[in-house]
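Shown next, in C-alpha cells, is the structure this report addresses.
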Amino acid sequence: MALSGHGRVVLLSRRHIWLGLSVCAIVLLAGAKSALALSVFGPTETGVPEIDPTTAVSGLMLCAGGAMLLLERYRSRK
Amino acid sequence: MVASAFLSWDVLRDELDDVLEEQQRSGATAVPWLIAHLVPLTALALVTSIRSSGRVLSITGAEIWVSLCVVLGLAAIVTWAFALLPPRFWMRWITRSRAAFAAGALFGWAAYVLGGFAQFLWSPIQRWTFATVVLLLRLTRQPIIVDADKFLIGTPTFLVRVGGRCSGLEGIGLICAFLGMYLWLYRREMHFPHAFLLLPMGVLAMWLMNSVRIASLIVIGSWDPGAGFKGFHSVAGWLFFNFIACGLIWASRRLGLFSKAQSVAPGPNPAAAYLVPMLAIIATSMITVAFSSGFEVLYPLRMIIAALALWWYRAEFASMQWKVSWFAVLSGVLVFALWIALVSDSPAADRGFDKALHGLPFVGAAVWLLFRIAGSVTTVPIAEELAFRGYVTRKLISSEFETVALGRFTWLSFLGSSILFGAMHSEWLAGTAAGMVFAAVLYRRGSLPDAVLAHATTNGLLSAYVLSLHRWSLWS
C-alpha cells in the first residue's frame, strides 16, 4: 500500500517515537556500563586482526556488494 | 534462528508485508507492549548494575544473579519483539515455517558438531599451510629462516609464527557459508549436482590463497614491518576472500556446467551506477590500509577513485533534480547531533591520530586533510546514498529494483536498509539511526539528492567538529 510523502513521515514519527524510546532505553543500559551491556555493546577487540569488526564489516560488505553487482549483470530481465 | 529465517524467507516476507499493511490500515500502536518491555529492561539494568559496581557475590548469589539476568533478558527480548511486530505475526510465521525452523535447529546443531570436529583439523592444516608457505618463499629466492618445530618462518628482518589460527580454516568455513547461501538462493538457476563442485573449488582456492597471503605478509613485512603487521595482516585475508568469492560467482554464471542462466547474454547492468562508487571506496580503502602502518596516509586515493567512478556513471544521474531542501539540511543537523550524542570519546585513538598527522610534512598534512574533508562531504555521501537509499531500499522491495520508484516505502526496505547502513559503520547504533533519518528524507518527496544533501550536511558538520576539537576518532 503506497503512502503519500507527508503520510509516510507522519506514520514514521508516530510509530518510531516508541521504537526510538526502546532504543534509548538500550542506549541507557549500555551507558550504565552494566555487565550485560558491556558484553553486548562493550569493547569488541578480538586480538585477531582479520576479525577486527571494522575490517570484517568492510570485507563482508565488499563481498556482498561485489556478488550483487555480478548477479545483477547476469540477471535475466522480463 | 538465522538459518530458520533464511530458509523461510518467502513466508517471512509475505507475513511481514501483511502485518505491516494491516497495521498501517488499523493505525495500531505498540504502546502496551513497549510499556511491558520497559519493565523487564529496567529490572535488567538494575540487576546487572550489581555486578558492574564491583560487589563480590557468593556462588549461590551468582547463580541467582545469572538466572535472573537470563529470565529478564528473555522477557525483554520477547516484549521488544512483540512491540516491534504483533504476537500474531510471530505465531503465523512460526506455524507456517515449522519445517524451516526444524531445519534451522538441525543446522545449528550440525554447525556446533562440525565446529567441534574442526578442532581436530587445526593441526594437520597448520602443517600443510606451513609447508606451502616455505615452498612459496623459496620460490622468491630470498634468504629465509625456517624453524619447522616452532612453525616459525621469515626473513632475517621479519619472522612470523604460523599458528593454528593462520591455517586458513576460518576462511574455508566462511567461503563454505557464502557458497552455501549462494547455491540455496539461486538454486533454481543452477545445474545440480554440478554446482556443488563450487564448494571444493572454493575450499581449495581459500587454502592456497591463505598460504599466498602469509608468504606475501613476510615479503611486505621484510620491507616495512609496520605495514606488514598493522596493514596487510588485517585486510589481506578479506581481499583474497572477496577475490575468490566473486571469482566463483562469475565463473558459475559464465559456465554452462554450473548455471542454467549461462545461455542468457549479460545485459546492461542497472545496479552498476548505484553500487560501483561505494564498492570502489571500500575496495580502495582496504588496499590503502594494507599498505599503511596504522595511519591511512593514502586516503586521498579513496576520494579520487570514487570521484572517477561517479564521473564514469554521470549520465545515469543526469535526470535527478539537485535542489536545496531545508528539510534535508535540518535532518542532516539532527543526525549530526545524534551522532555526537551516541558516539563515545576515544582519547587514545585521538592522540594516535594526532601524532600520525603531525608526523607528516606540513603540506602533506594539509593536502591529506583537504582530501579527507572533501571526500566526506562529496564522494562519500553520494556513493553511500546511491548504494543504500538508491539501491538497497528498492532491492528489498523487488528483485527488479529498477522498476521500483525511488522513495517507495515498505517497512522491510526502510528497516533493512537502515540496519545495513548502520552495520557498515563502526558505530552501528548511531549508523542505524542515521540511516533511518536519511531514508525518511528520501521518502518525503522521493528525491535521492535530498538524502545526499542531508548526509553531506551531517558529514560537513562532523568534519568541522573534528577539526575544531581534534576528536579525530570520529573519522575512523
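Quick note: numbers below take in every heavy atom, side chains included, and nothing from hydrogens, waters or symmetry partners.
Atoms CD1 and CG, on I249(B) and L71(A) in that order, are 5.0 Å from each other to the nearest 0.5 Å.
Counting all heavy atoms, side chain and backbone alike, C246(B) lies closest to A67(A) at SG-N, 4.0 Å. Considering every non-hydrogen atom in both L69(A) and N269(B), the closest pair reads O-ND2, 3.0 Å. The nearest pair of heavy atoms linking F241(B) to C63(A) is CE2-SG, 3.5 Å.
N242(B) places a side-chain N or O within donor-acceptor distance of the main-chain N or O of G59(A), the cut-off being under 3.5 Å.
For chain A, the option among A76(B), S399(B), A245(B), A405(B) with the highest count of heavy-atom pairs below 4.5 Å is S399(B). Contacts with chain A were tallied for H425(B), M278(B), K395(B); K395(B) has the most, counting heavy-atom pairs under 4.5 Å.
Heavy atoms of L279(B) lying under 4.5 Å from chain A belong to its backbone as well as its side chain. Both the backbone and the side chain of M424(B) come within less than 4.5 Å of a heavy atom of chain A.
Counting heavy atoms from C-beta outward, R253(B) and L70(A) have side chains that stay 4.5 Å or more apart. Side-chain contact between T55(A) and W238(B) is present, with at least one heavy-atom pair separated by less than 4.5 Å.
Judged purely by distance below 3.5 Å, without hydrogens or angles, the side chains of Y391(B) and E72(A) pair a donor atom with an acceptor atom.
Qualifying side chain to side chain donor-acceptor pair (under 3.5 Å) partners for Y186(B), counting only residues two or more places apart in sequence or in other chains: none. Residues passing the side chain to side chain donor-acceptor pair (under 3.5 Å) test with N210(B) are R213(B), sequence neighbours excluded.
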Please determine whether side-chain contact (heavy atoms from CB on, under 4.5 Å) holds for the pair L420(B) and M61(A), giving the CA-CA distance in whole Å, both sets of side-chain angles, and the decisive distance to 0.1 Å. CA-CA 9 Å; L420(B) 275 176; M61(A) 282 282 175; 4.2 Å; yes
